[in-house]
Amino acid sequence: MSDVADRVRKIVVEHLGVEEGKVVEGASFIDDLGADSLDTVELVMAFEEEFGIEIPDDAAETIQTFGDAVKFINDAS
Amino acid sequence: MFDLTGKSALITGASGGIGGAIAKALHGAGANVGLSGTREAPLQELAAELGERAHVLPCNLSDRDEVDGLVKRASDAMGAVDILINNAGITRDNIFMRMSDEEWDSVLEVNLTSTMRLCKAAIRPMMKSRWGRIVNISSIVGATGNPGQANYAASKAGMVGMSKSIAYEVATRGITVNCVAPGFIATAMTEKLSDDQKATINAQIPAARMGTPEEIAAAALYLASDEAAYVTGTTLHVNGGMAML
């Protein structure tokens, strides 16, 4: 669990250039972490690559927060 | 200028006059080229003529499954698709009041929908590499209209609007999306016209002649180059002054 969260957090920090401390459970990529809609597409692509999973478009749209991403990846892998 | 060494380009409709000329121009500038088209024989001929750095990728653009696999096949063959040239197009001319749903659908499917699907597949890796060039080959009739070509003109005008929208969305990722709109170009298709018909056409063109496939290829090469990095969402009209847009 924590391993997945750490890896997701690392991707988010690198991609969005935000401080690690801001990447908390309920942090919204767009509202809290400054992502635009294309950033969210790129984040999903990066998650797919890091964890070797496929995230379909309709599922990707439900991943709004850091917590959503960690939960989705835990459920998928 | 316009050096494409190390870049890989996928060109649809490479078996045709304009597509073949674009493939030669990009290859001549150093790019690896993926030659796509429905008919394999002319693609093999072109690949043999080009020699190294040329890959044959037959694809039926009216088959969505084949379309969706094309960028991956090209990428497997060349290592990447940095440049996508959507050049393939078909016509099914008829006066609008007699145009069947099939004539409409088939032209929109091949000319516009396949372009959309190829763009989508190609942009994913382009976003990651922060570099990409998409050149969609539109037509003068997309801007001016043409009797008998409501379907074709709609597909070519649709391409322009789509390209502008995509260009907006991906501009921050180093990807440009542009169109080239040829006027009358001398190809196998126009060779069939009689001298009288050609004279009538030439009378409407300020340059008083048809364009060559190489003149379209030069426009595509420019838009595919590093030098055109600040040009996006535009349509480059190459028509001898026939329509000054």
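A, B, ... follow the sequence lines: proteins, then strands. Residue 1 opens every chain.
For the side chain to side chain contact (heavy atoms under 4.5 Å, CB included) with B:P58, the lone residue among B:R73, B:R39, B:E66 that qualifies is B:R73.
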Using only distance (under 3.5 Å, no hydrogens or angles), which donor-acceptor pairs connect chain A and chain B?
residue: B:R124; atom: NH2; partner: A:E48; partner atom: OE1; Å: 2.8
residue: B:K128; atom: NZ; partner: A:E49; partner atom: OE1; Å: 2.3
residue: B:R130; atom: NH1; partner: A:E42; partner atom: OE2; Å: 2.8
residue: B:R130; atom: NH2; partner: A:E42; partner atom: OE1; Å: 3.4
residue: B:R173; atom: NE; partner: A:E42; partner atom: OE1; Å: 3.2
residue: B:R173; atom: NE; partner: A:E42; partner atom: OE2; Å: 3.2
residue: B:R173; atom: NH2; partner: A:D39; partner atom: OD1; Å: 2.6
residue: B:R173; atom: NH2; partner: A:E42; partner atom: OE1; Å: 2.8

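The shortest distance between side-chain heavy atoms of B:N86 and B:V135 does not fall below 4.5 Å. A heavy-atom distance below 4.5 Å is found between the side chains of B:I175 and B:M127. Within the 4.5 Å cutoff, the side chain of A:L43 has heavy atoms near those of the A:L16 side chain. Counting only heavy atoms from C-beta outward, the side chains of B:L4 and B:L221 approach each other to under 4.5 Å.
Proximity of the aromatic rings of A:F29 and A:F66 is defined here by a centroid distance below 6.0 angstrom, and this criterion is not met.
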